[in-house]
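What you see is a predicted model; the values in this text were computed from it and never measured. Order of the sequence lines fixes the chain letters, A, B, ..., with proteins taken first and strands second; residue numbering starts at 1 for each chain.
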Amino acid sequence: MAVLANHPATRDQAKVMNRYDITLRLVGLLHQDEAVIGGIGYTNFDLWAASAGRQGRRQPNFYMLGSMGLAVPIALGVAIAQPRRKVFALEGDGSILMQLGCLSTVAARRQTNLCIVIMDNGAYQITGGQATAAGQGTDIVGIARASGLAQSAWAADEASFTELAGLALQEDGPWLIGCRIDAGKPADTTERDPARIRDQFMRGLGVRK
Amino acid sequence: MAETWHGIVRDVLKRHDVRLVTYVPDNVLRPLIEGVEADAFFTAFACTREEEALGIVTGAWMGGTRGIVLMQTSGFATLSNVIASLALPFRVPVAMMVSERGTLGEFNIGQSLVAKTMRPVLDALAIEHHTMTRLDETDFILDRSLVQAYATMAPVCFILSPLLTGGKVFSK
Ligand SMILES: Cc1ncc(C[n+]2csc(CCOP(=O)(O)OP(=O)(O)O)c2C)c(N)n1
């Protein structure tokens, strides 16, 4: 964990980055087998956009269409069911603030194959950009550490994000990476077809053939 | 040893390979929780909210592991949004078991009032639910309803009546 020492201690010190760019970098690091859960808000829109490829869209992705705050619990469930698979939860700041207890549950379980990425734009962007508490002094990485997630860090910049995500892929977690995000619009809109999303996800996880 | 409701529940869950148990505790559920926590077949742990517990079971089912959420009546009252926006549209067979408060000798007015919302919400969401009152019916109801839930990919809710469990008794 000494490796986290050179990352910014607080939200204020982290660079403001772009969500689509960060999501592209994450998807670029992934192999085909990691599961990724995209939370409500624009987080899952950019996961959808970043997962489009020439050979079709990345399969083991799950896009939430409601159930605000449940990206981390859903990811934890997948991680428990498939302990050898790395599982990523991408969640907005407004959403994680609604379900902070899940950070404590992940910590208590010491779920080694789980990495949480917080897209912190300080706002409920999809509902009109109203400020969240994260934009007014709340430090979500600090909350995560105090919840027992010792391997929690702010990404100082894009290179730092790539380094942290790479660590999460290689070493035991649970991990939490905080990303400060600008007010840019998402690059696309998720197709709202829950039955198809769930079926694709389960095929991507090898639960369905 | 005489059969108990919680012993039967544990056996039927095993028979159907329901391995994951997430819960927010309740006094009546205590013997069931202790039973599954003592049994290595199960992965069982407390969650901070019932919504979280349902999200975990949803993710686990998509990953190939069956699960059940244990809660009390007041906890069920927090779930309508995530049932309607996650379990139902994505067709995830989440099993729920609710220890019924608010009836047959309730002493807490908040419990009795929130309990009135449970069956109307289950009916409004068209969720299969059964109120379990008798030891001799417990196996049958659970066994058949779990078969149905997984075959039809639909959530199911089991309500544990004080008639079955003894409930929580008024004490000054
Ligand atoms: C329980 C619940 N309350 C409110 C909403 C409305 N809502 C949908 S998305 C959202 C904001 C999400 O904010 P955040 O997670 O920060 O993501 P962003 O929009 O910034 O990408 C809100 C309030 C909802 N869908 N569910």
Side-chain angles (χ1 to χ4, degrees), chain A residues 35-37 39-40 60-85 87 89 91 95-96 98-111 113-114 147 192-208, chain B residues 17-25 36-37 40-71 75 78-96 125 150-155:
Chain A
V36 187
I37 317 297
I40 196 177
N61 288 357
F62 185 78
Y63 307 92
M64 272 174 32
L65 304 176
S67 64
M68 182 169 170
L70 291 196
V72 173
I74 293 169
L76 176 58
V78 175
I80 290 169
Q82 301 207 352
R84 275 184 288 278
R85 190 184 296 275
V87 183
E91 189 63 298
S95 295
I96 195 69
M98 188 177 267
Q99 199 71 239
L100 285 174
C102 70
L103 299 176
S104 302
T105 305
V106 169
R109 287 208 54 78
R110 299 178 172 79
Q111 194 67 40
N113 57 331
L114 184 62
S147 304
R192 287 192 176 81
D193 184 345
R196 180 152 184 246
I197 290 171
R198 199 252 309 125
D199 186 67
Q200 289 287 315
F201 185 58
M202 290 176 78
R203 285 175 203 283
L205 297 184
V207 175
R208 295 232 161 133
Chain B
D17 203 31
V18 180
R19 290 173 179 272
L20 178 63
V21 182
T22 58
Y23 64 87
V24 177
V36 294
E37 288 195 333
F41 175 87
F42 295 100
T43 299
F45 56 92
C47 297
T48 62
R49 291 181 60 79
E50 291 79 4
E51 288 185 314
E52 184 198 357
L54 187 141
I56 294 168
V57 164
T58 298
W61 182 77
M62 293 193 290
T65 294
R66 294 175 175 183
I68 188 166
V69 183
L70 311 182
M71 70 200 104
T78 69
L79 287 183
S80 49
N81 177 54
V82 295
I83 294 172
S85 62
L86 183 65
L88 289 174
F90 288 95
R91 295 189 60 203
V92 177
V94 176
M96 296 171 273
L125 294 170
Y150 295 118
T152 62
M153 295 167 68

Between A:Met64, A:Arg85, A:Gln82, which shows the greatest number of heavy-atom pairs under 4.5 Å with chain B?
-> A:Gln82

Chain B contact via A:Leu70 - which portion, at a heavy-atom distance below 4.5 Å | side chain

Heavy-atom distance under 4.5 Å to chain B: side chain of A:Arg196, backbone, both or neither?
-> neither

Honestly, the part of A:Arg109 sitting under 4.5 Å from a heavy atom of chain B is side chain

Most chain B-contacting option - heavy-atom pairs closer than 4.5 Å, from A:Val72, A:Val78, A:Asp193, A:Leu100 | A:Val78

Apply side-chain contact (heavy atoms from CB on, under 4.5 Å) to the pair B:Leu86 and B:Val94, showing each step before the final yes or no.
-> CA-CA 10 Å; B:Leu86 183 65; B:Val94 176; over 6 Å; no

Closest heavy-atom pair and its distance - A:Thr105, B:Cys47 = OG1-CA, 4.3 Å

Chain B heavy atoms under 4.5 Å from A:Val207: which part of the residue, side chain, backbone, both or neither?
-> side chain

Smallest heavy-atom separation, B:Leu88 atom then B:Ala84 atom, equals CD1-CA, 4.3 Å

Which atoms of A:Leu65 approach chain B - backbone, side chain, both or neither, heavy atom under 4.5 Å | both

Indicate the atoms forming the closest heavy-atom contact of A:Ala71 with A:Ile37, along with that distance.
-> O-CG2, 3.8 Å

Do the non-hydrogen side-chain atoms of A:Gln200 and A:Tyr63 ever get within less than 4.5 Å of each other?
-> no

Please flag which part of B:Leu20 lies under 4.5 Å from any non-hydrogen atom of chain A: side chain, backbone, both or neither.
-> side chain

Heavy-atom side-chain proximity of B:Thr78 to B:Met71 below 4.5 angstrom | no

Which one, B:Thr65, B:Val92, B:Ile56, leads in non-hydrogen pairs under 4.5 Å with chain A?
-> B:Ile56

Find out whether A:Ile80 and B:Phe45 are in side-chain contact, i.e. whether some heavy atom of one side chain is under 4.5 Å from a heavy atom of the other.
-> yes

Counting heavy-atom pairs under 4.5 Å to chain B, which of A:Gly66, A:Ala75, A:Ala81 comes out on top?
-> A:Ala81

Taking every heavy atom of B:Ala44 against every heavy atom of B:Tyr23, the minimum-distance pair comes out as C-CE2, 4.4 Å

Interchain contact, B:Phe90 with chain A, by part (heavy-atom threshold 4.5 Å) = both

